[in-house]
Amino acid sequence: LTAPPYRNCREHALRAFWNLSSDQANGDLIWSHDLTKMALVFASQLSADVDRDSREYAVDALANQSFHDANMGPMWTHEPTKNALVAASQLSAEVEHECRKHAVRALANLSFHDANMGPMWDDEPTKMAL
């Protein structure tokens with residue numbers, strides 16, 4: 001879904017995931033679905049293949065997912081998710097303000113999980129982002 005004719009389809013799909021992620025009832029369901037997780041993480045990465053709106057929907061959907069207790073530990077230990085959120089949070093990253101704000105919100109949510117506190121503080125890129 002990275003070719004130009006499919007970008008609108010990707011944006012609409014990510015917008016649907018974003019809408020679904022805002023409903024508390026879908027909190028664990030979205031994160032536990034591997035294909036959805038892969039789509040959100042791929043679109044959250046800083047890549048020329050991902051347009052601005054798609055990236056923002058994906059990062060905001062991940063931020064919504066990071067609010068759920070059951071997702072906090074697994075999201076931090078999932079390296080591609082952690083790397084995408086940390087990269088989008090960096091002030092030096094070429095992302096839009098809203099996208100950066102969503103990424104920082106996700107990291108802040110993840111920091112409330114007791115098991116994440118030490119590892120997040122020990123992670124230099126995360127510390128620099130926050």
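In what follows, every heavy atom counts, from backbone to side chain, and hydrogens, waters and symmetry copies are set aside.
- Looking at F17 and H33, their side chains never come closer than 4.5 Å, going by heavy atoms from C-beta outward.
- Contact of the L40 side chain with the W31 side chain is not registered, since no non-hydrogen atoms from C-beta on lie closer than 4.5 Å.
- No side-chain heavy atom of T36 sits under 4.5 Å from any side-chain heavy atom of L20.
- The salt bridge (Lys or Arg N to Asp or Glu O under 4.0 Å) analysis of residues 13-22, with sequence neighbours excluded, yields the pairs E11-R15.
- With sequence neighbours excluded, no residue forms a ring-ring contact (aromatic ring centres under 6.0 Å, His included) with W76.
- A donor-acceptor pair under 3.5 Å is absent between the side-chain atoms of E98 and the main chain of D60, judged by distance alone.
- Considering only residues two or more places apart in sequence or on other chains, D123 meets the salt bridge (Lys or Arg N to Asp or Glu O under 4.0 Å) condition with K82.
- The same ILVMFWY cluster, assembled from side-chain heavy atoms under 4.5 Å apart, contains both M72 and L130.
- Ring orientation note: the planes of W18 and Y57 are tilted relative to one another, at an angle of 30° to 60°.
- In this structure, the side chains of L91 and R100 come closer than 4.5 Å at one or more pairs of heavy atoms.
- When side chains are defined from C-beta on, Q24 counts as touching F67, because their heavy atoms get closer than 4.5 Å.
- For the pair M75/L62, a side-chain contact is recorded, criterion being any heavy-atom separation below 4.5 Å from C-beta on.
- A 4.5 Å side-chain heavy-atom check between I30 and N64 finds every atom pair outside the cut-off.
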